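Worth saying up front: this structure is predicted, and the values here are computed from it rather than measured.
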Amino acid sequence: MASRLNWLRAGVLGANDGIVSVAGILMGVAGAAATSEVVETKHLFISGLAGLVAGAFAMAGGEYVSVSTQKDTELGAVKKVRHLLDTDKDRALNDLAGTYQEQGLSKKMASSVAEALTDHDAIGVHTQARYGISAHEQTSPWAAAFASFIAFTAGALIPMLAMASPESIRVVVTLIAVTVALALTGVVSAWLGQASKIRALLRNCFVGAMTMGITYAVGILVGHLGFSMLGH
């Protein structure tokens, strides 16, 4: 379950990043296109596609490195536990019994439970007690990277498809589509983290709207001044 939730979190983060990043790029180019004859509609598709490809690989690569580091850390913890059990089992048992005593068991009961669980699954029990991680299951870096890649791509396609609307309404359609998509990812992320759904929804939509508004304004400024200063 924990592993699946990690993949789901990676997917939600990737989708959210894809929506906001590519929407920002497209709104910037749309703003420039609205004030400059140099920027044409075809540039929207080119810039959006470039943002999608670069972002998807960057997201997947970052997730792979991050989860690989986490996995290496977890395997290192398992190795330390195995070494302790091989070299000083009594100390390991005493530490485990102490943990159960802190949780409310009597000293005698804690010692009995520690011995019984150690006989059943020594590595698993001691790793969980010491580090709070599973000794037998680590998140796959490749799975996390793949989930991020697919999710970023799916998220990026939303503003790209919305921007394919007729020129007179494409900005409005994109704003609506992106806001709805960000509201959905905000609710899902809040559900995963057991947080306030309304707060996450508003936060997500605010960040998306701010990103699109700023990049659109920058695009207008560049289209109106930048290309003129460069003499087209």
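A heavy-atom distance below 4.5 Å is not found between the side chains of Phe146 and Glu63. When side chains are defined from C-beta on, Glu74 does not count as touching Thr127, because their heavy atoms never get closer than 4.5 Å. The shortest side-chain heavy-atom distance between Leu184 and Val180 does not fall under the 4.5 Å cut-off. Within the 4.5 Å cutoff, no side-chain heavy atoms of Phe149 are placed close to those of Met59.
Linking Ile, Leu, Val, Met, Phe, Trp and Tyr residues whenever their side-chain heavy atoms come within less than 4.5 Å places Leu85 and Val78 in a single cluster. Linking ILVMFWY residues whenever their side-chain heavy atoms come closer than 4.5 Å, directly or via other members, leaves Phe57 and Val67 in distinct clusters. Hydrophobic clustering (ILVMFWY, side-chain heavy atoms < 4.5 Å, transitive): Leu44 and Val53 are in one cluster. Residues Ile150 and Val22 share a hydrophobic cluster, clusters being chains of Ile/Leu/Val/Met/Phe/Trp/Tyr side chains in contact below 4.5 Å. Hydrophobic clustering (side-chain heavy atoms under 4.5 Å, transitive across Ile, Leu, Val, Met, Phe, Trp, Tyr) groups Met212 together with Leu157.
Taking the charged nitrogens against the carboxylate oxygens, Asp95 and Arg91 do have a contact shorter than 4.0 Å, which makes a salt bridge.
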Q: Take Met163 and Phe45 through the side chain to side chain contact (heavy atoms under 4.5 Å, CB included) test and state the conclusion after the steps.
A: CA-CA 9 Å; Met163 197 61 79; Phe45 176 77; over 6 Å; no

Q: For side chain to side chain contact (heavy atoms under 4.5 Å, CB included), just list the numbers for Lys89 and Thr118, CA-CA rounded to whole Å, side-chain angles, deciding distance to a tenth of an Å, and then say yes or no.
A: CA-CA 10 Å; Lys89 188 174 181 179; Thr118 298; 3.9 Å; yes

**Q.** side chain to side chain contact (heavy atoms under 4.5 Å, CB included) between Lys197 and Leu201, worked out
**A.** CA-CA 6 Å; Lys197 295 181 177 60; Leu201 184 154; over 6 Å; no

Q: Verify side chain to side chain contact (heavy atoms under 4.5 Å, CB included) between Gln128 and Ile133, making sure each step is shown before the conclusion.
A: CA-CA 5 Å; Gln128 180 65 44; Ile133 61 175; 5.6 Å; no

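Without hydrogens or angle criteria, Asn94 side chain to Asp90 main chain gives a donor-acceptor distance under 3.5 Å. When atom types are taken as modelled, the side chain of Thr179 and the backbone of Leu175 share a donor-acceptor pair closer than 3.5 angstrom. In this structure, Thr185 contributes its side chain and Leu182 its backbone to a donor-acceptor pair below 3.5 Å. Under the 3.5 Å distance criterion, the side-chain polar atoms of Thr215 are matched with a main-chain donor or acceptor of Gly24.
Annotation for Val81 and Ile123: closest pair CG1-O, 4.2 Å, computed over non-hydrogen atoms. Scanning all heavy atoms of the two residues, the minimum distance from Gly186 to Asn204 falls at N-ND2, 3.3 Å. Nearest heavy atoms, Ile158 versus Ala181: CD1-CB, 3.7 Å. Contact record, Leu96 with Ala129: CD1-CB, 3.4 Å, taken as the closest heavy-atom pair. For the pair Ala92 and Arg130, the tightest heavy-atom approach, listed with the atom from each and the gap, is CA-NH2, 4.3 Å. Considering every non-hydrogen atom in both Tyr100 and Val125, the closest pair reads OH-CG1, 3.7 Å.
Atom CD1 of Ile198 has 12 or fewer neighbouring heavy atoms from other residues, nucleotides or ligands inside a 6.0 Å radius. Within 6.0 Å of OH on Tyr131 lie more than 12 heavy atoms contributed by other residues, nucleotides or ligands. Summarising the local packing, CE of Met109 is surrounded by 12 or fewer heavy atoms from other residues, nucleotides or ligands at distances under 6.0 Å.
Considering NZ of Lys80 and CZ of Arg82, their distance stands at 14.0 Å, rounded to 0.5 Å. Taken to the nearest 0.5 Å, the CG atom of Leu52 stands 6.5 Å off from the CZ atom of Phe152. Taking CG of Leu84 as the reference point, atom NE2 of His126 lies at 8.0 Å (rounded to 0.5 Å). With values rounded to the nearest 0.5 angstrom, Leu26 atom CG is found 7.0 Å from Thr174 atom OG1. Note: Ser47 OG to Met160 CE = 8.0 Å, rounded to the nearest 0.5 Å. Separating the OG atom in Ser112 from the CG atom in Leu117 is a distance of 10.5 Å, to the nearest 0.5 Å.
Each of Ile220, Val218, Ile214 was compared with Tyr216 under the side chain to side chain contact (heavy atoms under 4.5 Å, CB included) criterion, and only Ile220 meets it.
Taking the six-membered ring for Trp and thresholds of 30 and 60 degrees, Trp142 and Tyr64 have ring planes inclined between 30 and 60 degrees apart.
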